[in-house]
Each structure stands twice: as C-alpha cells, then as structure tokens.
Amino acid sequence: MIDPETLRTANAWPFEEARKLVARLERTGKSEILFETGYGPSGLPHIGTFGEVARTSMVRHAFRVLTEDRVPTRLVAFSDDMDGLRKVPDNVPNRELLAGALNRPLTAVPDPFGTHESFGHHNNARLRAFLDRFGFDYEFLSATDCYRSGRFDETLLAVLERYDAVMAIMLPTLGPERRQTYSPFLPLHPVTGHVMQVAIEERNVAAGTIVWRDPATGERHETPVTGGHAKLQWKPDWAMRWVALGVDYEMAGKDLIDSVKVSGQIARALGAEPPEGFNYELFLDEAGGKISKSKGNGLTIDEWLAYGTPESLSLFMYNKPREAKRLHFDVIPRHVDDYLTFLEKYPGQEGRLQLGNPVWHIHGGRPPEAELIPSGGNGPGTTLSFSMLLNLVAVANSEDPAVLWGFIRRYAPGVSPQTHPRLDRLAGHAVRYFRDFVRPAKTYRLADEREAAALRDLDAALAGHMGSTDAEALQAVVYEVGRTHFPDTSGKSKSPDGRPGVLQTWFATIYQILLGQDRGPRFGSFIALYGVAETRALIAKALAGDLLREHEAFLAERR
RNA sequence: GAGCGCGUAGCUCAGCCGGUAGAGCAACUGACUUUUAAUCAGUGGGUCGUGGGUUCGAGUCCCACCGCGCUCACCA
C-alpha cells in the first residue's frame, strides 16, 4: 500500500498521464478506462510498436495504482487490417502473389508466407506473438472483424448522418485536387474487392448507403456503409474507432500530431470526447539524423535484444519519451547498466523515490531483486556491471562463455551461472557484443624474425609449465623471455632483483600478434585462465600465420 | 509556413516541487611488490546558448532572441 500523499505528488511521466485519466473519469463518469495502441499490419511489428505498448502499459499501471485498482482497465491492440494494400513490401517472399492483390484489404490479400488465411492475418499473428513474447497484457482487435461483425455500424451511420460536419473538418486540411474526390467513406468494390478512393455522388442516410461510380467502367454502385462493405478513410476511421470502442487513451508519435487534432475534432462532431493523448518523439539514428526505412539506419528490436536485455529496452522507452533520442547500438550498454543500477538502488529507496525509479514502471511495481556479487566486506554486495563484463570478454578474447566465466569468477569468487542466471544471460550478450563489435575491430599482424624468435622461446619456456594455473609464475616466465629479447637498457625499469627490465614493446608484440589488439590483459593471468596448452597452440598458429589468415577469412565472411 | 524538442565539463548526458552545479567515459596521479587490460583510491576541468523578467534566491518558472534537429503540410 502506497501512501496517498506520495501517490498524489508522484511526478514520473506515467503518473502525469494517469492523472489526466483520473480527471477524465470524474468528468465523464465512465466506469472503465480503455487504452488503445494502433498497428498497421502492412509490415512487421518493430521497435516502435514495442515502445508504444510498453509506454502505454506503464501509464495503465500507474493509473491502476493511482485508483487502487477500483476502475477496470483494458488495453486494446488494434490492427488496421482492412486498410488497402498500397504497394508490395520488398521484404516478403512470393511478391507476385501480392502484386495481384493491390488495393484489396490486407485481410483479403493472400499470405505470401503461405501460413495464414491472408497477409493481414499473418502479420496480426506476428504482432500477437511479438507482444506475447514480452508478456504484455492486451486484447487484440482486428479492424476487419469489427467492420464485418457490425460492431462499428452504429458509429458508421453516425458518420453518414454527420457527413457534412466531417467534410467541413477534413476539407480544409486537404490540397485542392484531393478536395475534389475526397470522401470519408471508402467503399469496397463488389467485384474486384478493391478499397475504392472515389467521390461520393449521393448518400442515403435513411438506408445507410452511399452511391459512387467506378472510374474504370463508369458503373454506378450503391453500397451500405455498414457490415464491412465500406471502411473509413484514415482520420475519420481513427475518430470512429475511438467513439465506437470508447477509447480513453492513445499515444501517438509526433508525426501524427495533426492527425490526432483532426480526428479529435471529428470525434467531437460525432458527439464524443476524444481520448487523452500523448505525443512521443521519434527516434534518431547513430548520427542524430532521422531514421529512414529505406536506408535501414534504424535499429531493429532483435538487434537490441542480441546485445541488451528486454529490461534495458524498456528503460530506453521509459526515459524521456518526449525527447528525440538516438536509437543505436552504442546506447545499449549504457541502458543495460543504468537498469542494473536502478534495480540495485530500488530496495533502499523510500516510497517517493521508488515511484520515480524506472524499474518500478518497467516491472509493474514489483521489480525483482538485483543479482549481487560479493564486494569483499560484509556489505550486501554489488552489481557486476555490463561494461565490466564487456571488458572481461575483451580480456578473455573468447566467444566461449566458459572462458568468460573463468574471468568472472576471478573477479567475483563463488559466483556461477547457477547462482546468477541473469548475470549468465548478460554474459551471453557480452559475448555477442564481443563477436560483432570487438572482434571485427581487431587487426592481427605477422611476427618479424626477432618477434618470432621471442615467441618461440616463450613457447619453449611454457612447455615447462604445462597445466599450470599459477598466474604469477606464468607472468614471471613472460618477463624472463622478454628480458632476453626485449631488454630495457635505459635503466628506467628493473626487475625485483635489480636486473634490467623489459621493454613495453614486448607486450605490444604479444597483444598485436596473438590477440590482434594493441592492449591486452596481464598476460600471465591470461595464460592461467586460457590454459598453457591453449596458449602454446595460439603461439603456434600465430607463427604459422594462421591467426592473420583466419581473421581475414572471418572479416570476409561478415561482408 | 505550422508544430514538437534540444542547447549544462573534452565527449555522452543526469539535474525531481526554484535553495551555491553532478555522473559515466576521456585526461592526469597513486595503489595492486616488475611501465600492459581490469579493479580500487584520488585530482583537475563548467559565464548551465544569449538578453531581459518574476523572486530573498533561477540551470530549474515566464518572455524575447540566437543556434541545431525533427515532424506535418501527398498516404496511413
């Protein structure tokens, strides 16, 4: 139970939104609150779809807490699947199948994947699978079902009746030539099944029909506006849907600000109050420029989830929805770590701060306990950060999680995938990050004669330590070999017993030739964890030029 | 043209209901008994875009201006 005063002053944005709904409830006397998110099924669900549903769910949760769950709420994911197919998407198979179905409602277009009743049904199923994957609580609604079942009929007839008022709102928003043929109703052609964009010649309010002419044949048709024989044009459609379903809240991107305004006016013309709204900012690409679908500079949800957790993505969506934010790979590690930090801080916060903590909103008020690792003292421990993991993977120089875990355990004794399953998943993300960003950036080179001789000596010296995991002893071996081949004669560095030290060149050599990078781990520790035999094999491959060849093959394969 | 947003340390950004500016990274110093990764401790660094206003007090609220970005004006 949260203190009412704390709730009243909670100023996280989902609460600000929820308060708008409380006020609306008092105004309208409604007995439930309906949230809607829209989806256009001519494409697959994407990261924006996730963001809209996630954010709406956060508002919904804040509202439920604010009203102590005394007001029922629903979230409808509405698919605009009666929309006509405008062009053939280029990311589907059997494109010729779609080419023959242009202008037909998406639910009357064959499924190019051959798995569902129609293209619209296919994408609807993908949407639901997508939302289910994240555990969202929602009801799915199909526009086609709503139109056909008669659920929209009453409101459609109201649009017909108030046709002039709707036109008066729409016409000023249109260009001169579009004005000539504009109609809020789009009849379905009785023969071709096409969604027709034609002028309405007559309308018969009593019969509930519109009369139009087929531009191709000149034939006159009279079509009922009800029963799925006609649909509405975009903005009137949105308004009609709000009115018919009783939508109280719907977010939209900033690109839809004008549409929201116009649809709101239409909703009022139909005698209803438009829903409360919220305009979120669009995402930017790597360079802060706009995201263009054709350029493909956006980030897909799968890409995010390859390197980051779903919670980190939720955090990204929670943060500053009104600001344009860069949505690119490089923001992922930070969001993963910010999430971990918020989660760790949560239990120690007082209620007021907890309500402003993103994890409260991300987890519906019940964030899980943080996975801590021993911090040495008697304290509760600390979170192993993702940036640290990324460093450890780079140090481990391996895509094998077991090797990575070797390094993790060295840092945090007693920790394992069994005791820290979420850390294990993070380790998986770190490995992928290594593979896709760190490894490609490596540049191996061949050893020259002097370096090759040194490496051969190192190999021979290591032969006497097979099986050793003594990092210090192994480090001493590395230094001893270095002293022979790369002595520091300047006198600046010395060994503990006063002999000459080793040039940094020796270590640079090791890293550049064996690891393909300029810097690296303390090499004795690396050998201890990586294995003496494995290290010797690594040296052999380097001397044979295989590391360089393999890396070039790896790079070539990625292209 | 209309609308939305941004401008705070070298970089990326936090700054809630106004109360003398913070983090991460980078840099620098030191510790970890041998100049390397990591880790830990510490240091330096900011006219808070500009100009006004409200206020005892403004990064924070209001107005104007400058700069930057995006969106909409055809389709959903």
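In what follows, chains carry the letters A, B, and so on, assigned in the order in which the sequence lines appear, proteins first and then strands, with residues in each chain numbered from 1.
Here B:rA14 presents its C1' atom at 9 Å from CZ of A:F342, a figure rounded to the nearest Å. A straight line from CG of A:N279 to P of B:rG5 spans 9 Å, rounded to a whole angstrom. Remark: P of B:rC13 and NE2 of A:H335 are 10 Å apart, rounded to the nearest angstrom. Between A:M170 atom CE and B:rC75 atom P the separation is 8 Å, expressed in whole Å. For A:W13 and B:rG15, the CH2 to C1' distance is 20 Å, given to the nearest whole Å. Rounded to whole Å, the distance from CG on A:D255 to P on B:rA73 is 9 Å. Atoms NZ (A:K261) and C1' (B:rA73) sit 12 Å apart, rounded to a whole Å. Atoms CZ (A:R322) and C1' (B:rC4) sit 10 Å apart, rounded to a whole Å.
Cation-pi geometry between A:R55 and A:F278 is not met: the NZ or CZ atom fails to fall both under 6.0 Å from the ring centre and inside 45° of the normal. Both the sub-6.0 Å distance and the 45° axial angle are not jointly satisfied by A:R334 relative to the ring of A:F316.
Within the 4.5 Å cutoff, the side chain of A:D80 has heavy atoms near those of the A:R241 side chain.
In this structure, B:rC74 makes no Watson-Crick or G-U wobble pair, since no nucleotide meets both defining distances under 3.5 angstrom. As the counterpart of B:rU43, B:rA27 is assigned, both hydrogen-bonding distances of the Watson-Crick or G-U wobble pattern falling under 3.5 Å. Both distances falling under 3.5 Å, in either a Watson-Crick or a G-U wobble arrangement, occur for no nucleotide opposite B:rU60. In this entry B:rA37 has no Watson-Crick or G-U wobble partner, no candidate having both defining distances under 3.5 Å. Both distances falling under 3.5 Å, in either a Watson-Crick or a G-U wobble arrangement, occur for no nucleotide opposite B:rU20. With a cut-off of 3.5 Å on both Watson-Crick or G-U wobble distances, the partner of B:rU54 is given as none. The nucleotide B:rG7 finds its pairing partner in B:rC66, both defining distances of the Watson-Crick or G-U wobble pair being shorter than 3.5 Å.
Straight-line distance between the P atoms of B:rG22 and B:rC16: roughly 14 Å, to the nearest whole Å. B:rC74 and B:rC66: their P atoms are spaced 28 Å apart (whole Å). As rounded to the nearest Å, B:rU8 and B:rG49 have C1' atoms that lie 10 Å from one another. Rounded to a whole angstrom, the distance from the P atom of B:rC40 to that of B:rC25 is 9 Å. Atom name P, nucleotides B:rU55 and B:rU71: the rounded distance is 42 Å, in whole Å. Annotation: B:rA26 and B:rC61 have their P atoms spaced 33 Å apart (nearest Å). B:rA2 and B:rA27 have their P atoms separated by 47 Å, given to the nearest Å. Taking atom P in both B:rU29 and B:rG51, the straight-line distance is 38 Å, to the nearest Å.
From A:F486, atom CZ reaches atom CD of A:E451 across 5.0 Å, with rounding to the nearest 0.5 Å.
Across all strands shown, A:I510 has no heavy atoms under 4.0 Å from either base or sugar-phosphate atoms. Within the 4.0 angstrom heavy-atom criterion, no nucleotide atom of any strand lies near A:G40. Using a 4.0 Å heavy-atom criterion, one finds that A:K320 contacts the sugar-phosphate atoms exclusively. Using a 4.0 Å heavy-atom cutoff across all strands shown, A:A476 reaches at least one base atom of the nucleic acid. Using a 4.0 Å heavy-atom cutoff across all strands shown, A:D80 reaches sugar-phosphate atoms only and no base atom.
The side chain of A:R86 has B:rC75 as its nearest neighbour among B:rC75, B:rC4, B:rU35. Out of B:rC75, B:rU35, B:rG5, the shortest distance to the side chain of A:Y479 is found at B:rU35. Closest to the A:D258 side chain, of the nucleotides B:rA14, B:rC72, B:rG3, is B:rC72. Checked against B:rU34, B:rG3, B:rG5, the side chain of A:K254 finds its nearest nucleotide in B:rG3. For A:Q197, the listed nucleotide lying nearest its side chain is B:rC75; candidates were B:rU12, B:rC75, B:rC4. When distances are taken from the side chain of A:E323 to each of B:rG69, B:rU12, B:rA14, the shortest belongs to B:rA14.
In textbook terms, a nucleotide whose glycosidic angle is within 90° of 0 is syn, and B:rC17 is one such case.
Side-chain atoms of A:R179 come within 3.5 Å of backbone N or O of A:L171 as a donor-acceptor pair.
Looking only at atom types and distance, the side chain of A:D81 has a donor-acceptor partner in the side chain of A:S142 under 3.5 Å away.
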Starting from the C-alpha separation in whole Å, work towards a yes-or-no answer on side chain to side chain contact (heavy atoms under 4.5 Å, CB included) for A:L389 and A:L423. CA-CA 9 Å; A:L389 273 181; A:L423 179 58; 3.8 Å; yes

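When each of A:Q475 and A:L174 is assigned the nucleotide of RNA chain B with its nearest heavy atom, A:Q475 is the one assigned upstream, toward the 5' end. Toward the 5′ end of RNA chain B lies the nearest nucleotide of A:I257, the other residue of the pair A:I257 and A:E177 mapping further downstream.
Between A:F329 and A:Y307, the ring planes are perpendicular. Angles over 60° get that label, and only those under 30° would be called parallel.
Contact check, A:R178 against B:rC75: a side-chain N or O comes under 4.0 Å of OP1 or OP2.
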